[in-house]
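Worksheet: one structure, shown below.
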Number of protein chains: 2
Amino acid sequence: MEQKVDTRSRILDIAEAAVLEKGFEATSIEEIVAGADISRGGFFYHFKDKNALARAMLERYIDAENALYDDLFARARELNDDPLHSMLIGLKLLAEMLEEMPTGHPGCVIASTAYQDRLFDEGVRELNRQAILGWRKRFRGMFEDIARVYEPREPVNMDALGDMVSGVVEGGLVLQRALREHNNASEQIMLFRTYLKLLFAST
Amino acid sequence: MEQKVDTRSRILDIAEAAVLEKGFEATSIEEIVAGADISRGGFFYHFKDKNALARAMLERYIDAENALYDDLFARARELNDDPLHSMLIGLKLLAEMLEEMPTGHPGCVIASTAYQDRLFDEGVRELNRQAILGWRKRFRGMFEDIARVYEPREPVNMDALGDMVSGVVEGGLVLQRALREHNNASEQIMLFRTYLKLLFAST
DNA sequence: ACTCTGACTGTACTACGAGTCCAGTTGACT
DNA sequence: AGTCAACTGGACTCGTAGTACAGTCAGAGT
């Protein structure tokens, strides 16, 4: 009975790595089953079709990302109670985490699916959308907490500022992939951190 | 003899629209030839394979993007000779341009191919890389001009700041695609503009 | 008028991956 | 001993990439 969970997540592991490496369409079920050491029939036992695989991958990825953010910013808050400074610590931790991944960050499944979304059904696209809206809400809330203590030096749209966290990470990962460098995403986050320092500077 | 140019760019037009809509692999040669009203043989006469099509698409896209940046920032420079203010004007023009596209910006071929790059040969990937390095150089130069007049209020890596223009645009387009909204990219550019105002503020 | 060439059309072929169907196997639990 | 979830394995259909090649056709050069 543990086999079930085991095989399913093994499929997801292999599929995720392959999809991040070369895209969804370019990843064949053949190679997934070869990697997971199961038969084609076994694959379709777990997933109705490739679309179901995409949905499961996205769900898992989004959950992991959310858990990571929860953990990271909770730790940052423990280190400093001030909303601005805990945000700055959290971003630093995030940047360090991205940098420490030896092979570079696997890249974001969100962007990967966003650019191939006509392959997927409405459910997958909606999942993608809700994830980004969730991050917008999360970061907007944190920025509003900061703004209550530190008056922004320039007027900013808080929704857009919340989106900017996702945007900077996604954009940084795109650069990283295209340039074949390995610290662009973390550098972009550090630049965004400087932005926040300037925007909410108390001087 | 004009037929040659005509058919080739007609194929590229149709292919680009289809690829931006649903990704490269999901776009079949069948549908391209149907859209361009030619035969399959005709397609392979112009392009050896899908990889050659990808390369031609990228080349054309990068040239267009570079021409657009040349034009935009040249106009901005005409309107204000100060490097900071012409940069701010140029970004505003870019944001407005993105917003005015009625159906939303087609999306960036760079990001689209970056996430499917194992489909392509080294030439395509190198093209992608060089384009982003070119933008890095372009914007870093502009930021250095600004920094000579306005001392940055916080130390920043100029390469990374140059990359941030591309990153913010790419990231904004990813958000826009995933959220199905239509002004995220322009909002992100405006936020980046505010960043520059704060970073190079003379006060 | 004649030929040559570039830009195709049309057809037939191979190879491969997605997805379907299904009959049979295996090991754990009851 | 029987049941069920979790598979295996094979045969099939269908759509797409890519190859090959023979033929068409308009226009430029001679």
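In what follows, chains are A, B, ... by sequence order, proteins preceding strands, each numbered from 1. In this text the structure is predicted, and so the values were computed from the model without any measurement.
- Whole-Å rounding puts the Phe44(A) CZ to dG19(C) P distance at 5 Å.
- Residues satisfying the side-chain contact (heavy atoms from CB on, under 4.5 Å) test with Glu30(B), not counting sequence neighbours, are Ser28(B), Val33(B), Arg40(B).
- Using a 4.0 Å cut-off between charged nitrogen and carboxylate oxygen, Arg177(B) and Glu170(A) do not count as a salt-bridge pair.
- One atom, CD1 of Ile38(A), and another, P of dG9(D), lie 11 Å apart when rounded to the nearest Å.
- For Tyr45(B) and dT5(C), the OH to P distance is 13 Å, given to the nearest whole Å.
- Applying the salt bridge (charged side-chain N to carboxylate O under 4.0 Å, His left out) definition to pairs two or more places apart or across chains, those involving residues 185-198 of chain A are Lys197(A)-Glu154(B).
- For Arg77(A), the salt bridge (Lys or Arg N to Asp or Glu O under 4.0 Å) criterion is met by Asp81(A), not counting sequence neighbours.
- Between His46(A) and dA6(D) there is no side-chain N or O to OP1 or OP2 distance below 4.0 Å.
- Residues that satisfy the side chain to side chain donor-acceptor pair (under 3.5 Å) test with Arg129(B), not counting sequence neighbours, are Glu126(B).
- Remark: Thr27(B), Ser28(B), Ile29(B) in residues 12-29 of chain B come within less than 4.0 Å of DNA chain D through at least one heavy atom.
- Take Asn80(B) and apply the side-chain contact (heavy atoms from CB on, under 4.5 Å) test, not counting sequence neighbours, and it matches Asp82(B), His85(B), Ile89(B).
- Qualifying salt bridge (Lys or Arg N to Asp or Glu O under 4.0 Å) partners for Arg60(B), counting only residues two or more places apart in sequence or in other chains: Asp13(B), Glu16(B).
- Rounded to whole Å, atom P of dG15(D) lies 15 Å from atom CD of Glu31(B).
- Whole-Å rounding puts the Ile32(B) CD1 to dG18(D) P distance at 11 Å.
- Summary for the helix from dA1(C)-dT30(D) to dT30(C)-dA1(D): the axes at its two ends, each from 5 pairs, differ by 10° when rounded to the nearest 10 degrees.
- At the phosphate of dA6(D), neither OP1 nor OP2 sits under 4.0 Å from any side-chain N or O atom of Thr7(A).
- Rounded to a whole Å, the CZ atom of Arg8(B) is 15 Å from the C1' atom of dC8(C).
- For the segment residues 47-57 of chain A, no residue has any heavy atom less than 4.0 angstrom from an atom of DNA chain D.
- With sequence neighbours excluded, the residues that form a salt bridge (Lys or Arg N to Asp or Glu O under 4.0 Å) with Lys92(B) are Glu96(B).
- Scanning for side chain to side chain donor-acceptor pair (under 3.5 Å) contacts around Lys50(B) gives an empty result, with sequence neighbours left out.
- Not counting sequence neighbours, Glu78(A) has no partner by the salt bridge (Lys or Arg N to Asp or Glu O under 4.0 Å) test.
- Protein atom CD of Glu30(A) is 12 Å distant from nucleotide atom C1' of dG9(D), rounded to whole Å.
- Relative to the side chain of Arg40(A), the nucleotides dA17(D), dT20(C), dT8(D) differ in distance, and dT20(C) lies closest.
- Ring geometry for Tyr195(A) versus Tyr195(B): interplanar angle under 30°, hence parallel rather than tilted (30 to 60°).
- Considering only side-chain atoms of Ser39(B), the nucleotide from dA5(D), dT9(C), dG9(D) that sits closest is dT9(C).
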